[in-house]
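The structure appears below as structure tokens.
Treat the numbers as computed from the prediction; the structure is a model and nothing was measured. Per chain, numbering begins at 1; letters A, B, ... match sequence-line order.
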Amino acid sequence: MQDYLVPLNEQQREAVLHTEGPLMIVAGAGSGKTKVLTTRIGHLINLGVDSFRILALTFTNKAAKEMKERIEHMLGNNEARNLYIGTFHSVFSRILRSDAEKLGYPSNFTIYDTDDAKSVLKSILKEKNLDEKHYKVAYIYGRISSAKNNLMTWREYQNDKGIQQEDARSNRPMIGEIFEAYSKRCFKNGAMDFDDLLVNMYILLSNFPESLAKYQHKFRYVMIDEYQDTNLAQYHIIKLLGALNENICVVGDDAQSIYSFRGATMENIFQFQKDYDDVRVIKLEQNYRSSKTILNAANQIIANNANQIPKELWTDKELGDKIKLVCTFTDNDEGKFVADTIIENKLRYHHPNKDFAILYRTNAQSRAFEESLRRLNIAYKIYGGLSFYHRKEIKDYVAYLRVLVNTQDEEAIKRIINYPARGIGNTSINKISLIAQEQNKSFWEIICQANLYGFKGTTLSAIENFVVMMRNFQGIIDKKNAYEVASELGKYSGMVQELHSDKTVEGLARYENIQELLNSIKEFTETPDEDGEVIERTLGSYLQQITLLTDADNEDEENSDVVKLMTIHASKGLEFPCVFVVGMEENIFPSSMSMYDREDLEEERRLFYVAVTRAKEKVWISYANNRYRFGSLVQNDPSRFLDELPTDLVDANLTSKPKQRTIFNKSSEQRNEIQQKKMPSKTIAVEHKASTNFVESDTSNLEVGNKVEHQRFGFGNVLTLEGPIANKIANIDFGPNGVKKIMLNYAKLRIV
DNA sequence: TGCGCAGGTGTTTTT
DNA sequence: CACCTGCGCA
């Protein structure tokens, strides 16, 4: 037996050795999925399969990179470099780049990220005179995106009875028309959005038999990671690619399907088994990551879902510590608790910072933890959130580069034509846009001949200067490398000067970001081509690459010793010795957007499952009674998921402050009482209308027995006062709205 | 055209 | 709270 097969268990080995024919690996959390995939690829190469003919698709660049590195390590030579391993989006963009002309796109097409796409939609709404408050950009983008993920064209969208009814019912009958305009505009701009990369890949394979044949022959073995996250477009592409050889191996875990909002459907898992006569299904059920306690708790959580493939995850690890459940008074206390606990565990058990992860449902929750960690001088890093390439100054700079590469890119021109300010304001921009529409020409063509379209005086010369400047840069694009072009661009456009003159802290940071951008361009242009698939080191290929990059893909600085903060979504695929799952409250987790639908709720539960199964040794779960949201204090019930935790695996007595209660201290009867009391506050609270003479009173001398008015809760009686003078808390009986704890420092009260 | 200010509005999750 | 938009003024 080969060395690399030895460390595998029976099922893992079986998966590696099953190289021919369709294979589905159902891989539970922590069951060695990546190990199997990489060993399998290494094994194929070892069997003599040409490494150029293996394709592996992942969802993140990080996963792709890790796979590549591990295979390289296993093989000990350069063969791994020839493998086609990448994200769906990056691999398809590479393929589309070489075949773009077939679809009528320029080969240096621009990739629009979500921001770009939304700004195109905004322009269209303006042109069509639609009310942006009713036709919300995010909503429209979502409609269009999910249509595309289901391989639906704008024409099909307009002709689909069901969809038209839906849009009519929501009183947005124009979406089909917007979809059409949006598609045409992107095409005219020589641009594809994220979804187009999938749609166009599908079109290429289904409409051009010679392309289909080419890639079917090229990719003799196809592997798909995180198969549960694929959508319909991806499903069809995979099916087409694999139809000739049927050597398709998909790896997934239905219990970790958490991207349905992006069109992912578990149906693909079931369909895969129906599509081929001889599908082999292998389940990996031994977990190598978590303690028994953690794994058992996770199993119990997921058992509450009706919709799942039956499997039993087990481990031979120790029982380990109980899960700790903690309730704090406010979100800031929650932050303090986490930071304190990290210090304590560092001291007592010698955990380094990097052993800890703080996982939350939404990015907005990170702030309380940032503050508390900073206060205790604990090094941390936030993953996700605003990625480097989404910062304004970077997008501005990149927009210049985009225009140089593709003058059709109207969005990019609009972004920079007046940045730095050079006297071409919104009025002129809109005018140019309109003329371009009417003349059926590109924005760029119009400004090249601005004198023909009624522009005069200072505006005309400003436009002409801009065109001349951009033409000059285009002139040097072939003579100098991408880095030189980019740095001269910064100098002569006035951008660098503009940023340099801003001496505020933020301004300085922006300036540094630009330097970092230039460095990354330099690095890209100077990296020699790898053997095999030649990646052009041009500005165009650089731009395509960065749009598909996310924060998670940045150099991970594996060794940097920092506490990691991220959303649970971003944590998928990762593991940490110690995990804090925070903000376990109704409306947050489960999200208020996903509470009223069984499917949505089950996805939230899978998300909770993902969070808990990230941990190897220790898990803390916390929630706060009071939390700032939208600037005001709100109260949420403890998450319903907490009730699903097995009590014998949880230590719920731990509290960060003396006065907390935990739901486990209450009898079920009391628990019902709490719920009943709290329920109405959600509905009635908004119904109270503050009196017209509502003026915030000075509450520093508030006394028990005072009558007060609260803007949302209405009129109430002060029952008790507690806490230090600097942070007094009043218990106030708001009658039908129940008794509330009100922090006088924050709440606005009128003493009646 | 550009700047400052008031007012309104919104937060799931991401390639 | 924090961002964005629209409006009025120089």
Side-chain angles (χ1 to χ4, degrees), chain A residues 57-64 86-93 111-115 117-119 122 126 132-133 136-139 141-142 145 148-149 192-198 225-226 229-231 233-234 257-264 331 359-368 383-387 389-390 392 418-430 457-459 462 544-553 566-572 583 587-595 600-601 603-604 606-608 610-611 627-634 746:
Chain A
L57 296 174
T58 65
F59 275 84
T60 63
N61 290 302
K62 196 179 170 191
T87 65
F88 281 89
H89 292 86
S90 68
V91 168
F92 293 173
S93 86
I111 298 173
Y112 279 168
D113 66 19
T114 312
D115 293 340
K118 284 182 179 168
S119 96
K122 264 188 199 163
K126 278 215 187 86
E132 270 190 59
K133 289 199 178 106
K136 292 215 179 89
V137 171
Y139 179 79
Y141 179 76
S145 176
K148 287 188 187 175
N149 285 326
M192 298 188 197
D193 67 17
F194 287 144
D195 304 316
D196 289 332
L197 291 173
L198 305 182
D225 191 18
E226 308 279 14
D229 290 335
T230 54
N231 59 37
Q234 287 161 327
S257 162
I258 54 174
Y259 281 104
S260 74
F261 68 92
R262 223 167 65 189
D331 48 350
L359 308 181
Y360 34 77
R361 178 67 239 268
T362 66
N363 281 307
Q365 286 165 256
S366 68
R367 193 195 284 160
Y383 289 78
L386 200 57
S387 101
Y389 294 103
H390 286 265
K392 186 190 172 299
N418 202 34
Y419 176 81
R422 47 174 76 90
I424 309 170
N426 278 328
T427 333
S428 304
I429 294 175
N430 289 338
T458 47
T459 313
Q544 291 208 347
Q545 179 214 248
I546 60 169
T547 327
L548 298 172
L549 237 43
T550 55
D551 228 24
D553 302 320
M566 64 186 88
T567 63
I568 301 168
H569 281 88
S571 77
K572 195 163 76 154
N587 298 321
I588 293 184
F589 198 5
S591 157
S592 53
M593 321 283 291
S594 314
M595 294 199 309
D600 290 347
L601 186 66
E603 179 148 321
E604 294 284 308
R606 290 193 293 272
L607 198 53
F608 186 32
V610 168
R627 167 180 304 275
Y628 277 99
R629 254 189 137 188
F630 302 115
S632 60
L633 208 61
V634 294
Y746 303 105

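When the C1' atom of B:dG8 is taken as reference, atom NZ of A:K133 falls 7 Å away, rounded to whole Å. Distance CG (A:D115) to P (B:dT14): 14 Å, rounded to an integer number of Å. In this structure, A:Q365 atom CD and B:dT12 atom P are separated by 12 Å, rounded to whole Å. The distance from atom CD of A:Q545 to atom C1' of B:dT15 is 14 Å, rounded to the nearest whole Å. Residue A:Y389 contributes atom OH, which lies 14 Å from atom P of B:dT15 at whole-angstrom precision. Put simply, NZ on A:K572 is 11 Å from P on B:dT15, counting in whole angstrom units. Between the CG atom of A:L549 and the C1' atom of B:dT14 there is a distance of 14 Å, rounded to whole Å. A:E226 has its CD atom 14 Å from the P atom of B:dT14, to the nearest Å.
For the ring-ring contact (aromatic ring centres under 6.0 Å, His included) test, residues two or more places apart in sequence or in another chain that qualify with A:F194 are A:H89.
In terms of phosphate contacts, A:N426 brings no side-chain nitrogen or oxygen within less than 4.0 Å of OP1 or OP2 of B:dG2. Contact annotation: A:T567 side-chain N/O to B:dT14 OP1/OP2 distance is under 4.0 Å. Remark: A:N363 is in phosphate contact with B:dT13, judged by side-chain N or O atoms under 4.0 Å from OP1 or OP2. Regarding contacts with the backbone of B:dT15, every side-chain N or O of A:T547 stays at 4.0 angstrom or more from both OP1 and OP2. An OP1 or OP2 oxygen of B:dG10 is reached within less than 4.0 angstrom by a side-chain nitrogen or oxygen of A:K136.
Counting non-hydrogen atoms under 4.0 angstrom, A:Y259 reaches the backbone sugars and phosphates but no base. Counting any heavy atom pair closer than 4.0 Å across all strands shown, A:F59 reaches sugar-phosphate atoms only and no base atom. Using a 4.0 Å heavy-atom cutoff across all strands shown, A:D195 reaches no nucleic acid atom at all. Using a 4.0 Å heavy-atom cutoff across all strands shown, A:T427 reaches sugar-phosphate atoms only and no base atom.
For A:T114 against B:dT15, a side-chain N or O and a base N or O form a donor-acceptor pair under 3.5 Å.
Aromatic ring orientation, A:F92 versus A:F88: perpendicular (interplanar angle above 60°, classes split at 30° and 60°).
Of the listed nucleotides (B:dT12, B:dT14, B:dT15), B:dT15 has the atom at the smallest distance from the side chain of A:H89. Distances were taken from every side-chain heavy atom of A:A421 (C-beta onward) to each of B:dT13, B:dT1, B:dG2; the shortest belongs to B:dG2. Taking every side-chain heavy atom of A:F194 into account, B:dT15 is the closest of B:dT12, B:dT15, B:dT14.
For A:F261 and A:Y259, the ring centers are positioned less than 6.0 Å apart.
Across C:dC4 and B:dT13, the matching P atoms stand 16 Å from one another, rounded to whole Å.
Comparing A:M593 and A:G425 by the nucleotide of DNA chain B that holds the closest heavy atom to each, the one mapping nearer the 5' end is A:G425. If you find the closest nucleotide of DNA chain B to A:R361 and to A:Y141, the one lying nearer the 5' end belongs to A:R361.
Here the side chain of A:E604 pairs a donor or acceptor atom with the backbone of A:S591 at under 3.5 angstrom.
Contact between A:L57 and A:T87 at its shortest, heavy atoms only, is CD2-O, 4.2 Å. Here the shortest heavy-atom pairing between A:I258 and A:D229 reads N-OD1, 3.8 Å.
Contact annotation: the side chain of A:E226 never approaches that of A:T60 to less than 4.5 Å [non-hydrogen atoms, C-beta and beyond]. Between A:I568 and A:Y360 the shortest side-chain heavy-atom distance does not fall below 4.5 Å. Residues A:K392 and A:Y419 form a side-chain contact, since some pair of their non-hydrogen atoms from C-beta on lies under 4.5 Å apart.
Chain A approaches DNA chain C over the interval C:dC1 to C:dT5, counting the first and last nucleotide 5' to 3' with an atom under 4.0 Å from its heavy atoms.
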